[in-house]
Amino acid sequence: MHLSLGGDTFLERIGLAFGLVPAPLVFTTFGVGYGRSIVAATRIGVFRALGHDELSVEQIAEATSCSPAGMRALCAALVGFGLLDRRGGRYRNAPDARKYLLPDGKMPLEDVVLFLGECHSLVWNLEDDVRSGDIVRLHDREHPESFWRAYMGALSSFAKLAGPEIVRKIKAPGAKRLLDVGGGHGRYAAAMCRKVDGLVADVFDLPPACAQGRRIQEEDGMADRVSFVEGDFRTDPWGTGYDLIFVFNVTHNATADEVQALIHKAKAALNVGGSLVIMDAVHAGEDGPLDANAGWNELFFFVISGAQAWPEDRIQGWMADAGFERLKRKGLLAVPQFVLQGWT
Ligand SMILES: C[S@@+](CC[C@H](N)C(=O)[O-])C[C@H]1O[C@@H](n2cnc3c(N)ncnc32)[C@H](O)[C@@H]1O
């Protein structure tokens, strides 16, 4: 997906058609404006306060403990960005806000917006990171509980959307034990347990991620089938006797050496006939086309982890080198990701 501008008025459309609109300035101004406004409004609780009602600025300000003057300005920006509608001095959520930003919306993604707000601060010193190339890796840093709550909340929302399609594409008949490495919230492990009778899962992750995962699995009613093991997957043992191992959205935070070490560790932890499934962002290779998603992924994963999404053929080669056979690659419809399964 590329970013492009569409004009509302005849004059705007003419300006765009004749190349008279400086797109870099428009994106620079409104990109940060949209991002900061939606995150601030979500943190403050504007969309929830409005719910399915129509309120004045004073009523929204009172419900969210904000100043009326500040709320008036924020609401103006949200109307401008198409997230609120205004009529006769009263405001209500626009269709996109109702669909994505309310807990009872068709596709609730409030958690993801809150995590993207955390990501804004991670990329704030981008130019320093690019100049120096010295990255203090995200998962090796201390973060407050609020960060882990937003992080795991966002990824678990994606897992709710994409999980059913992903587990449909994984073959593991008769599997008894699953290890979800870097499985965090545990929702992919839980989705697989729902699919395969009798399957139980261990989610192996850092202690603060496990704390969030335990809470989410309690809330989802799957805590009896999904357990959590705290540790560092690079240095701590994984155990043995697994029929299936997931490594989902982990390789883009890992260096090439680390990905190969993870694949070898998976081989050692699996029973004969067991399988490893790697899922991650698609990467078209060194000279492949880069759209906004693929290009930003490259920069974002570098800045947060000194790593990158790895081309699928390289991951396949590393799996084959480690002795995995019958490698099967499947694309996903819900998200621009791939699933790669190989058997011992
Ligand atoms: C991008 S998240 C993916 C979470 C989940 N697998 C998913 O796909 O939604 C990366 C996960 O790897 C975990 N992780 C990163 N480094 C780790 C390490 N050294 N040891 C254990 N877990 C780690 C993070 O805590 C996080 O839960």
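Indexing begins at 1, ligand by ligand and atom by atom, following the structure's order.
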Shortest protein contact, [atom] (heavy atom only):
| atom | result |
| --- | --- |
| atom 14 (N) of ligand 1 | Phe233 CE2, 3.6 Å |
| atom 19 (N) of ligand 1 | Asp232 OD1, 2.9 Å |
| atom 4 (C) of ligand 1 | Gly182 O, 3.2 Å |
| atom 8 (O) of ligand 1 | Asn249 ND2, 2.8 Å |
| atom 9 (O) of ligand 1 | His185 NE2, 2.7 Å |

> Below 4.0 Å from any atom of ligand 1, is there a heavy atom belonging to Ala159?
Replying inline: no

Does an N or O from [X], backbone or side chain, lie closer than 3.5 Å to an N or O of ligand 1?
| X | value |
| --- | --- |
| Met152 | no |
| Asn253 | no |
| Asp205 | yes |

> Can you check whether Tyr34 and Phe81 have ring centres sitting under 6.0 Å from each other?
Replying inline: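 Ring centres of Phe81 and Tyr34 closer than 6.0 Å.
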
>> Can you tell whether the side chains of Arg214 and Glu218 come within less than 4.0 Å, N to carboxylate O?
In response: no

> Is a donor on one side and an acceptor on the other found under 3.5 Å between the side chain of Arg92 and the backbone of Glu54?
Replying inline: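 Checked: no pair found.
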
> Between the side chain of Asp291 and the main-chain N/O of Ala294, is any donor-acceptor distance below 3.5 Å?
Replying inline: yes

Tell me the contacting part of [X] for ligand 1: side chain, backbone, both, or neither, using a 4.0 Å heavy-atom threshold, strictly below.
| X | value |
| --- | --- |
| Tyr151 | side chain |
| Phe158 | neither |
| Arg187 | neither |
| Trp148 | side chain |

>> If I compare all heavy atoms of Pro164 with all of Lys160, which pair ends up nearest, and what's the gap?
In response: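 Nearest pair, atom of Pro164 first, then Lys160: CD-O, 3.5 Å.
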
>> Between Leu340 and Gln316, is there a side-chain heavy-atom distance shorter than 4.5 Å?
In response: yes

>> Would you say Glu298 and His283 are linked by a side-chain donor-acceptor pair, where the criterion is simply a distance under 3.5 Å?
In response: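 His283 vs Glu298: donor-acceptor pair found between side chains.
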
